[in-house]
Amino acid sequence: MLYLIGLGLADETDITVKGLELIKKVERVYIEAYTSILLVDTEKLEAYYGRPIIIADREMVESSSDEILAGADTYDIAFLVVGDPFGATTHTDLVLRARELKIPVESVHNASIMSAIGATGLQLYNFGQTVSMVFFTETWKPASFYDRLKENHQIGLHTLVLLDIKVKEQSLANLARGRKIYEPPRFMTVAQCASQMMEIEAEKCEGICGTKTLAIGVARIGARDQEMAAGTLEQLSETDLGAPLHSLVLLGRRIHYLERDFVREYAVDTAIFDAVWSEFYEGKHLAQLHRTSGQPRINLTEPTNERFTAFRVFTALTVHTVPTVLTMPVFIVHGFRWERIKIRHHVILNDIDDAASDYVMQSTTPDALRASFTKMFPEIIAVLPNLQFIEQYDPEDCSQNAHTQPYAYVADYIIKSDLSVDIAEVISKGPGGNTASWQAMADLSDKIADGAPIRWYAVYNGDVERVGNQTLRPEDVGRGSKVRDDCSYGSSGVLD
C-alpha cells in the first residue's frame, strides 16, 4: 500500500492523528521536498514521528518514482506531502504510476494553502483560478499568468497566487555541463511577486495588476507567527513580511463588504486602502457596462456560483447614470432563489393550508411559510426577524404561466426602487444584520434550497398585490390552476 499523507502547513504537530499512526507502522517514509516546505527541518520531523525520513527531491519523484514504489505491493510505504497530498500535479502522477503497478493507494488529507487562505477573510466561494508566479530572469519573464488573472478579473473573482520556491536547483551553466552543483534555496516574497506583476502590467496595459490593484500578502500561514498585509501592489512591493513561505491574493471586484472589512484590518495604510476601494472597487462588481446604440446598459453575463456576493439582473435594466441607478419599478433583493417545485413540495409535505405555492406574496402565504420555518428550524428563524418573500411578476405578460415563475426569492433585505435607488450605495451598505443572521440565511438555504447561493438580485414585480383582474386565492393558486391566454379573467383570475 502507498499512503499519501498530508502534513499541513506549519510544523511537525500539524499532522493528523491518522497520518501519524500510519507513519509509525509503515516500512519506509519519504517526504516530498520541492513543491513546498514545512517551517521546521527534517530532523525535527523525525524526532516527533519517531521514524527516519528519506527526502524525495524533484529528480527522485519525477524520474525515479519506481524507487519510491519498490516493494509497495507487499508492504506499506508512506509518502509525506506538505499541505494536502493532491496540492500538486506531481503527486497525481505518482498515484497513476502506482495504479499501473497494481499498488493500492490511500490518501490522508490535511490543510493546504488552498483552504487556509480563507484566514484572510476572503470567502473561498469567491476565488477563481489559482496561478503560479515564477522567478523572472534577465532573459525569461513568462507572462502566461496574466491571462488567468484577466479571466478572473472579468468575472470579479479573487486570484490566489502561489509563489516560486527554488530548492536543490541547478544553474543553467551547471545543468548544461551535467554538474551536480546546486544553487542555494530561494523563496519568492510577496514584494517580489508584486513587482513582477506590475512589470508585466506595464507591458500589457490592460488594468489587471497595476500599481493601484488591491491585494493581500500572507506569510507563514498556519504558523503562530503568520503575517498578512493588505494594500496596493505598489505598497506590497515595498512590504517585508519576513521569512517564507509567502502567497498573495489579488482582490476581485465582486468582493463582499464583509470581506472588505476583514481585509482592511491588515491594511498597510487604511487611508490609501479606503481611497483605492472607493475609486476602483466599491460597486464595480454590480454590472459591467457596455454601449448599445450610444446608451450604457448592464451586461447580463451570468455570474459564477458563489454563495455570498454577486449581482444578477433578472430583466434588462437601462442604466442612465453612473453610479448605477435603477429607474424601473424593481426590487433590490438580498437572498436566495427558491425553486417553485421545492416550494410546492414544502407546502404539500408540511400541509400548509394557508400558503399559495405559486404566489408566495399572496396575503396569507408569507406568514404561513415563516410559521412553518419557525416550527422546523427555530434556531435559524430566531435570528432572521425580517425574512421576506418576493417573486418576479409582469402584469402585462399574458402567457399561460406568467403568474408562476420557476422560482421565488427568500430574502433578508428588500428595497423598492420605484423612486430610483443607487444600487452601488445600497449594496455597499449591505443588508444589515450580523454574522449570526448571515450564517442563518446560508443555513436556511441549505435546508430548503439545496444551498442556493446568496446574492443581490434585481427582481421586477409590476403588481405586488396582483389587484384588479388578477386577484389569486390560495385555494386556486398552486393547485394546477391556469391563466387564460387572452388575459380575460374572471374575478379570481384563474380558470375554474
Side-chain angles (χ1 to χ4, degrees), residues 314-315 329-378 380-381 384-416 418 440-441 444-450 452 454-455 457-496:
F314 195 125
T315 186
V330 299
F331 292 82
I332 310 302
V333 176
H334 184 263
F336 59 87
R337 284 176 172 170
W338 193 11
E339 292 182 28
R340 190 70 61 180
I341 187 65
K342 289 184 172 64
I343 300 174
R344 291 173 182 148
H345 289 168
H346 180 82
V347 169
I348 293 170
L349 294 176
N350 294 283
D351 196 23
I352 309 174
D353 292 332
D354 293 333
S357 59
D358 282 8
Y359 180 19
V360 300
M361 299 175 72
Q362 183 271 339
S363 59
T364 62
T365 299
D367 287 341
L369 291 175
R370 278 190 290 264
S372 71
F373 293 164
T374 300
K375 181 178 179 181
M376 299 172 68
F377 322 116
I380 294 177
I381 302 306
L384 293 174
N386 298 318
L387 195 67
Q388 304 171 70
F389 305 88
I390 193 170
E391 55 199 333
Q392 180 193 1
Y393 176 64
D394 184 354
E396 297 182 3
D397 186 349
C398 296
S399 62
Q400 185 177 27
N401 295 317
H403 70 293
T404 175
Q405 296 298 315
Y407 38 71
Y409 298 83
V410 181
D412 58 358
Y413 179 88
I414 298 176
I415 183 172
K416 192 175 181 180
D418 53 344
M441 279 295 287
L444 183 60
S445 174
D446 290 338
K447 297 288 187 183
I448 68 172
D450 293 335
I454 297 170
R455 299 173 173 172
Y457 295 89
V459 180
Y460 174 65
N461 191 311
D463 186 357
V464 173
E465 297 180 358
R466 302 196 189 186
V467 297
N469 290 334
Q470 298 192 39
T471 302
L472 302 181
R473 299 171 300 176
E475 59 266 32
D476 297 319
V477 182
R479 287 169 166 77
S481 59
K482 295 182 179 180
V483 178
R484 297 180 191 272
D485 291 338
D486 62 0
C487 292
S488 178
Y489 308 117
S491 61
S492 70
V494 295
L495 293 175
D496 294 332

- Task: Carefully, step by step, assess E339 and D450 under the rule side-chain contact (heavy atoms from CB on, under 4.5 Å).
- Result: CA-CA 10 Å; E339 292 182 28; D450 293 335; 6.0 Å; no

- To the nearest 0.5 Å, atom CG of L349 lies from atom NZ of K342 at 12.5 Å

- Item | F377 vs L384 side-chain heavy atoms within contact, under 4.5 Å | no

- Item | Approximate separation, where rounding is to 0.5 Å, of I390 CD1 and M361 CE | 4.5 Å

- Query: Which residues pass the side-chain contact (heavy atoms from CB on, under 4.5 Å) test with A408, sequence neighbours left out?
  - Reply: R340, I343, V360, E391

- Message: Return the NZ to CD1 distance between K375 and I381, rounded to the nearest 0.5 Å.
- Response: 14.5 Å

- Can you see which heavy atom on G335 is nearest to which on Y457, and at what distance? O-CE1, 3.5 Å

- Query: Can you check whether A452's main-chain N or O pairs, donor with acceptor, with R337's side chain at less than 3.5 Å?
  - Reply: no

- Message: Let's go through M441 and L387 carefully: what are the C-alpha distance in whole Å and the side-chain angles of both, what is the deciding distance for side-chain contact (heavy atoms from CB on, under 4.5 Å) to 0.1 Å, and is it a yes or a no?
- Response: CA-CA 9 Å; M441 279 295 287; L387 195 67; 3.9 Å; yes

- Message: Could you check whether any side-chain heavy atom of I414 comes within less than 4.5 Å of a side-chain heavy atom of V333, counting everything from C-beta outward?
- Response: yes

- To the nearest 0.5 Å, tell me how far H334 NE2 sits from I415 CD1. 14.0 Å

- Task: Just jot down the ring-ring contact (aromatic ring centres under 6.0 Å, His included) partners of Y413, sequence neighbours excluded, or say none.
- Result: W456

- Does any non-hydrogen side-chain atom of F389 lie less than 4.5 Å from one of W338? yes

- With sequence neighbours left out, write down each residue that passes side-chain contact (heavy atoms from CB on, under 4.5 Å) with A368, or none if nothing qualifies. I352, D354, A355

- Task: Name all residues meeting the side-chain hydrogen bond (donor to acceptor under 3.5 Å, both in side chains) criterion together with N350; count only those two or more places apart in sequence or in a different chain, and write none if there are none.
- Result: H346

- Task: Please check if the side chain of T374 supplies one atom and the backbone of R370 the other of a donor-acceptor pair under 3.5 Å.
- Result: yes

